[in-house]
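Down below is the structure, laid out as structure tokens.
The structure displayed is predicted, hence computed values, not measured ones.
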Amino acid sequence: MPVTEPKNLPATGLKKEHRKSSAGRQQLRIELARLLLEPGPGPRQGLAALAAETGWPLPETVTLAAIRAPDKLGAGVPAAVDGTALDGEVIADLAGPHPCLVVPGAVTRPRGLELASAFEDRRIAIGLTVPLTSAPDSLRWARRALALAESGVIDAGPLIWCEDHLVTLWLLSDPRLADQVVRQQLGILADLTPRQRARVLDTLGPWLEQRGTAAEIAALLHVHPQTVRYRIRQIERAFGDRLASPDARFSLELSLRLLRLLRRHTAPRQYRPADG
């Protein structure tokens, strides 16, 4: 049976009353969050008016949080979400495949724990605090951190802080380009056997980082100093004058870190610089 509008309330008045209701205001806030995250200045022209209508004062800065989607999509907001932990300042868009939160200003560590407590069994990543116009960046970083944690690249519990993993986020912002950097810098070792290459790479990192004696590096690697001396000679033959350049040594150190991250990112597939 169709629902008729009250005779004493015009259709426009009914819409206004719905928008003022709790459910209507919540829906408007979701629309506000999605508008805030759309690229370009055009969609944001009506941002102030929509924010005023929802009673959400536009802040100068925001922090976005990404939440692991429920296992079954289309089921609405899961019962595990504790709405009491999400106060009126937080805009929650929990429907769809990419749930997120919009938090005015910075998120302190205690506040982050409060937000995480609202999602009992779902991982949450807190992005960086950015100007309001950069909200999409904060969410993009948070979603990337969440994905890296889910794949095991980032060692993290149920709550992830992007600010704790900035270098990893930067290095793996473009995994394909990172792969090319590793190939360019370490591809010179492609002629070695897999075992030789692994041993040289295991020695190259501590040698570049510590610049210590063979005995000191041997102690770190738990091998004999003579073994380290032999590997260092292999390194010097392979890389030659590049080892005398601070910029080249930095590139090698960066490539070694990238290699470790890529191995975790692509596990269990083994990364090999000689691959095509």
Report task. For residues 169-178, pull every pair meeting side-chain hydrogen bond (donor to acceptor under 3.5 Å, both in side chains), keeping only residues two or more places apart or in separate chains. Result ->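 Residue pairs passing side-chain hydrogen bond (donor to acceptor under 3.5 Å, both in side chains), neighbours aside: none found.
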Mind checking side chain to side chain donor-acceptor pair (under 3.5 Å) for [X] and listing every partner two or more places apart, or none if nothing turns up?
{"X": "E209", "result": "none"}
{"X": "R260", "result": "none"}
{"X": "T129", "result": "T63"}
{"X": "E89", "result": "none"}

Got a list of side-chain donor-acceptor pairs under 3.5 Å for residues 139-148, not counting sequence neighbours?
residue : atom : partner : partner atom : Å
R140    : NH2  : D137    : OD1          : 2.8
R143    : NH2  : H98     : O            : 3.2
R144    : NE   : L172    : O            : 3.4
R144    : NH2  : L172    : O            : 2.8

Under 3.5 Å donor-acceptor pairs involving side-chain atoms of residues 239-246, not counting sequence neighbours:
residue : atom : partner : partner atom : Å
R242    : NH2  : Q185    : OE1          : 2.6
S245    : OG   : D247    : N            : 3.4
S245    : OG   : A248    : N            : 3.3

Name each donor-acceptor pair under 3.5 Å that joins a side chain in residues 229-237 to protein atoms two or more places apart or in another chain, with its distance.
residue : atom : partner : partner atom : Å
R229    : NH1  : Q226    : OE1          : 3.4
R231    : NH1  : T203    : OG1          : 3.0

Report task. Applying side chain to side chain contact (heavy atoms under 4.5 Å, CB included), run through L221 and R199 and close with a yes or a no. Result -> CA-CA 10 Å; L221 298 177; R199 290 174 175 174; over 6 Å; no
Query raised in the report: Which pairs, with at least one residue in residues 97-108 and sequence neighbours excluded, count as a salt bridge (charged side-chain N to carboxylate O under 4.0 Å, His left out)?
Result: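 Listed by first then second residue: nothing to list.
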What about [X] and [Y], same hydrophobic cluster or not, with Ile/Leu/Val/Met/Phe/Trp/Tyr joined at side-chain heavy-atom distances under 4.5 Å?
{"X": "L254", "Y": "L256", "value": "yes"}
{"X": "V153", "Y": "L177", "value": "no"}
{"X": "L208", "Y": "L189", "value": "yes"}

Query raised in the report: Where is the tightest heavy-atom contact between L37 and C100, given as atom of each residue plus distance?
Result: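 For L37 and C100, the tightest heavy-atom pair comes out as CD1-SG, 4.1 Å.
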Query raised in the report: Minimum heavy-atom separation for A33 to I91, with atom names?
Result: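 Where A33 meets I91 most closely, the heavy atoms are CB-CG2, 3.6 Å.
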For residues 155-162, which side-chain donor-acceptor pairs fall under 3.5 Å, sequence neighbours excluded?
residue : atom : partner : partner atom : Å
D155    : OD1  : R264    : NH2          : 2.9
D155    : OD2  : R264    : NH2          : 3.3

**Report entry** salt bridge (Lys or Arg N to Asp or Glu O under 4.0 Å) involving R257 - partner list, sequence neighbours excluded
**Finding:**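 Checked R257 against salt bridge (Lys or Arg N to Asp or Glu O under 4.0 Å); zero matches.
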Query - Sequence-distant partners of E150, salt bridge (Lys or Arg N to Asp or Glu O under 4.0 Å), two or more places apart - result: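 Residues passing salt bridge (Lys or Arg N to Asp or Glu O under 4.0 Å) with E150: R123.
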Report task. Determine yes or no for a side-chain-to-main-chain donor-acceptor pair under 3.5 angstrom, with R29 supplying the side chain and G88 the backbone. Result ->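 Pair found, side chain donor or acceptor close to backbone of G88.
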Query raised in the report: Between the side chain of S138 and the main-chain N/O of L64, is any donor-acceptor distance below 3.5 Å?
Result: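 Yes; judged by distance alone, with no hydrogens or angles, the pair exists.
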Report task. Would you indicate whether R195, at its atom CZ, is surrounded by more than 12 heavy atoms from other residues, nucleotides or ligands within a distance under 6.0 Å? Result ->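 Atom CZ in R195 is not crowded, with 12 or fewer foreign heavy atoms closer than 6.0 Å.
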